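Numbers here simply count residues along the sequence, with the first being 1. Computed from a predicted model, the values in this text were never measured in an experiment.
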Amino acid sequence: MADQWRQAWIEALDELEEDVEAVERMISEEHRAQELPLAKPWEPPAGLGPLPLDLKPRADFILTRQLEAAKAAAMAITANRRQSAFASRVEVGTPGKQVPTYIDCAM
């Protein structure tokens, strides 16, 4: 019984770890090479019970990684919004519109 309980927790932590790894891959440059499906919210398996004490360090490490990934995702979103705002202000040379010109007369 104790082995089944421990194994259930190992499987639950494996699932959480896979989710945070997917987010970390999305944040890194790997996300440009593939489209990742939307993550489904994690729910603990029914009847899981309390976390075995020997698995607490792993659970804490996964939580730390999740928080770091969430922070990195928020920073990436902010940077993307700034870049998008800048790009929207750049003139694209619309046909028929007068574009300011600079002529260096010192030469």
Under 6.0 Å from the CD atom of Gln7, do we count more than 12 heavy atoms belonging to anything else shown? yes
Report task. Might you confirm whether atom CG of Asp54 has over 12 heavy atoms from other residues, nucleotides or ligands at distances under 6.0 Å? Result -> yes
For Trp5 and Leu48, the nearest pair of non-hydrogen atoms, with its separation, is CD1-O, 3.3 Å
Across all chains, not counting sequence neighbours, the side-chain hydrogen bond (donor to acceptor under 3.5 Å, both in side chains) partners of Gln4 are none
Distance col, row Leu51:CG vs Leu13:CG, nearest 0.5 angstrom, shows 6.5 Å
d(Gln66 CD, Phe61 CZ) to nearest 0.5 Å is 11.5 Å
Heavy-atom nearest pair, Ala69 first then Glu24, reads CB-CG, 4.3 Å
Value for CD (Glu21) from CD1 (Ile62), rounded to nearest 0.5 Å, stands at 8.5 Å
task: State, yes or no, whether a side-chain contact exists between Val20 and Glu68 at a heavy-atom distance under 4.5 Å.
output: no
Can you find a pair of side-chain heavy atoms, one from Asp60 and one from Pro57, that are under 4.5 Å apart? no
Checklist line | From CA spacing to verdict: side chain to side chain contact (heavy atoms under 4.5 Å, CB included), Glu17, Arg65 | finding: CA-CA 9 Å; Glu17 197 164 28; Arg65 286 176 60 197; 3.2 Å; yes
So CG of Leu55 and CH2 of Trp9: to nearest 0.5 Å the spacing works out to 8.5 Å
Is there side-chain contact between Asp14 and Arg58, with at least one heavy-atom pair below 4.5 Å? yes
CG (Leu16) and CH2 (Trp42) are apart, to the nearest 0.5 Å, by 4.5 Å
